[in-house]
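First the structure, in the form of structure tokens, and then the observations on it.
Note that the structure is predicted; figures quoted are calculated from it, not measured. Computed over heavy atoms, backbone and side chain alike; hydrogens, waters and symmetry mates excluded. Each chain gets a letter, A, B and so on, in the order the sequences are listed, and its residues count up from 1.
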Amino acid sequence: MHTEEKKEEKSLNFLEEIIDKDLRSGKYDQIVTRFPPEPNGYLHIGHASSICLNFGLTKKFPGYTNLRFDDTNPTTEDTEYVESIKNDIRWLGFEWKNELFASDYFDTLYGYAIQLIEKGLAYVEDSSSEEIALLKGTPTEPGKNSPYRDRSIAENLALFAQMKEGVFPDGSKTLRAKIDMAHTNMLMRDPILYRVKHAHHHRTGDAWCIYPMYDFAHGQSDSLETVTHSLCTLEFMPHRELYNWLIEQLGIYPSRQIEFARRNLNYTVTSKRKLLQLVKEGHVTGWDDPRMPTISGLRRRGYTPHSIVDFCDRIGVARRENMIDVGLLEFCIREDLNKLATRRMVVLDPLKVVITNFPEGQTEWLTSENNPEMVDSGDRLVPFTREIFIERDDFMEVPAKKYFRLAPGKMVRLKSAYIIQCDDFVKDENGEVVQVNCSLIENSKSGSDTSGINVKGTLHWVSTTEGLPMEIRLYDRLFAVEDAAGQEGDFKDYLNPHSLQVIEAIGEPALKDAVEGESFQFLRKGYFTKDKDSSPERLVFNRTVTLRDNWAKAGK
RNA sequence: UGGCCGAUGGUGUAAUGGUAACACAGGACAUUUUGGUUGUCUCAUUCAGGGUUCGAGUCCUUGUCGGCCAACCA
């Protein structure tokens, strides 16, 4: 109750305001929205935002949301995509009321077309697409009427029936609405309603050889489903006039189209065409490559549904062009995983440390908490031995100012273990440090420290003998520039060549029980999730995101 | 040269004619057995001109800048 009151206080976005007004005025008792993907690709973060909008609205207001596949172009669509889309929506945590397909309405749509012909509002066009384009004019010049525009109703009816029967080859005829070739809105210049396409459809098979265009399917489907508020992106704005015209001429349920600005994320692309290209040309390993902004890619990268929904919530919705900083997405996943992720120690770039006063061949099992943010998460045991690995950059021969890690003569705490002091180190012939010799401080064991020594730095570490080798995939942004799609030339020229770095690391043994998709915080390093490429013999982890790192930032 | 839409800190989003705010990012300090987390503080905003009004980010107008529109794609 209290939280509801609070929610009401939060200001409504422009869509919620429209709906709120429609509900208050009594125009509707409940609202109906729909999420209308075309099954020709995988869903990406932009779709997630649309999903959150459509489903979120009917969570907030009375009503429901349908899932409708806009499958009017059989040559690009496939059931593979239908399944992935449904899977992704469910994974995000949403459930649709009805599962529908524009192809369910092909018969009805055909009937609507005949109605239009009978009212003298549609005609069969014989011109080629080039000829049609030529007569269409330009945004600044009016078009000219087609020579076929004034065919009789009877002739149009007969021709359209023949189109359906398969008499004509692809591209030879179309059905066009008869509106106004001089209209300032190009879409009103006798738009094409139906085209001939002898193609196999993923659901209707070979039943049809004519297929409706978007403009003659989308709005009609909305109407048939009594969608009250049909949300779409800004580029469909010019379509609204046609959307409304068709509803009026057909005398069908008046759904209302409302446009919002699509959300753009920097350092990536969110265009199905471009994403498909990256997949097909092998720039990534697939639609679910963890560098992809697809839902499946984000999932494999280790993003949680909650973090994505939270992100969509935070970015809001408006009608202006935008470029959202991927840093916000990263904030959302860090915030979520900080509370949830089990802590483990993994050394990514190992440097050997010998604890000279710890007996050889001995293993001491130390207790370490699984998650300090979660009281009930318990502990696990971590093996401590004479030889351990620490991160190479946790040791400096000549320490920088304000560096409080290991350096000659300096002391640090080994997480959940002892305080050690660096006595000396060994270099190889190239002058590279290959071993650090330390001694542990008596009575400094974690949890029972009576040494009285206070150290500034705490390092993560892994036993050289008990540690688990593993593959780690470090991901970085897919593109080197914020807006690859907006650059000169091919967007692929701006791919970040360092978007994936595969390394060999060593982690604590408790990690062998990790489950696919389980998220961990590797102490001081970031959040990681076990990849599906793992096998019983070989662990593979994906880095979801690094931890915030003020030290690294200060170094810049 | 046409039509439609938009413009608020670095980014995103509020303020519904009445004190320009929230989050992220940035900076500082404190806490911390993760240089994480957490807490406190801080920097920074109405595209420009004109008009209406007691009062304009908001309404009107002109301009500037940006986006979209000439696929048998959606």
Identify the pairs formed between an N or O of the protein and an N or O of nucleotides 17-23 of chain B at a distance under 3.5 Å, and give each distance.
residue	atom	partner	partner atom	Å
rA23(B)	O2'	Arg314(A)	NH1	2.9

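Residues passing the side-chain contact (heavy atoms from CB on, under 4.5 Å) test with Ala133(A), sequence neighbours excluded: none. For Asp393(A), there are no side-chain hydrogen bond (donor to acceptor under 3.5 Å, both in side chains) partners two or more places apart in sequence or in a different chain. Partners of Ser25(A) under the side-chain hydrogen bond (donor to acceptor under 3.5 Å, both in side chains) rule, at least two apart in sequence or in another chain, do not exist in this structure. Residues forming a side-chain contact (heavy atoms from CB on, under 4.5 Å) with Ser230(A) (at least two apart in sequence, or on another chain): Arg34(A), His218(A), Asp222(A), Val227(A), Tyr243(A). Judged as a side-chain hydrogen bond (donor to acceptor under 3.5 Å, both in side chains), and not counting sequence neighbours, Glu77(A) has no contacts. Evaluation of the salt bridge (Lys or Arg N to Asp or Glu O under 4.0 Å) rule for Lys164(A) yields no partner, not counting sequence neighbours. Checked against salt bridge (Lys or Arg N to Asp or Glu O under 4.0 Å), Arg343(A) has no partners two or more places apart in sequence or in another chain. Qualifying side-chain contact (heavy atoms from CB on, under 4.5 Å) partners for Cys232(A), counting only residues two or more places apart in sequence or in other chains: Phe236(A), Gln257(A), Glu259(A).
The distance from atom CG of Asn13(A) to atom C1' of rA15(B) is 14 Å, rounded to the nearest whole Å.
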Going 5' to 3' through nucleotides 33-41 of chain B and flagging B where a protein heavy-atom sits under 4.0 Å of the base, S where only the sugar-phosphate is that close, and - otherwise, we get BBBBS----

When every nucleotide of nucleotides 57-74 of chain B is labelled 5' to 3' by its protein contacts under 4.0 Å (heavy atoms), B for base, S for sugar-phosphate only, - for none, what sequence of letters results? ----------SSSB-BSB

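Taking atom P in both rG51(B) and rG57(B), one finds a spacing of 15 Å when rounded to whole Å.
Side-chain atoms of Arg263(A) and base atoms of rU13(B) include no donor and acceptor less than 3.5 Å apart.
Between the side chain of Asn66(A) and the backbone N or O of Arg68(A), no donor-acceptor pair lies under 3.5 Å. Listed for the Asp190(A) side chain is a donor-acceptor partner under 3.5 Å among the backbone atoms of Ile179(A). Remark: the backbone N or O of Ala217(A) is paired with a side-chain donor or acceptor of Ser221(A) at under 3.5 angstrom.
No engagement by Met345(A) is indicated, since no non-hydrogen atom pair under 4.0 Å with the nucleic acid exists.
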Intra- and interstrand pairs of RNA chain B - dot-bracket, Watson-Crick/G-U under 3.5 Å, | marks other strand: .((((((..((((....[..)))).(((((.......)))))....(((((..]....))))))))))).....

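For the residue pair Ser146(A) / Glu125(A), a side-chain donor-acceptor distance below 3.5 Å is found, with atom types taken as modelled.
A cation-pi arrangement is present between Arg203(A) and Phe101(A) under the rule of less than 6.0 angstrom and at most 45 degrees off the ring axis.
Heavy-atom nearest nucleotides on RNA chain B were determined for Arg319(A) and for Thr140(A), and the one closer to the 5' end corresponds to Thr140(A).
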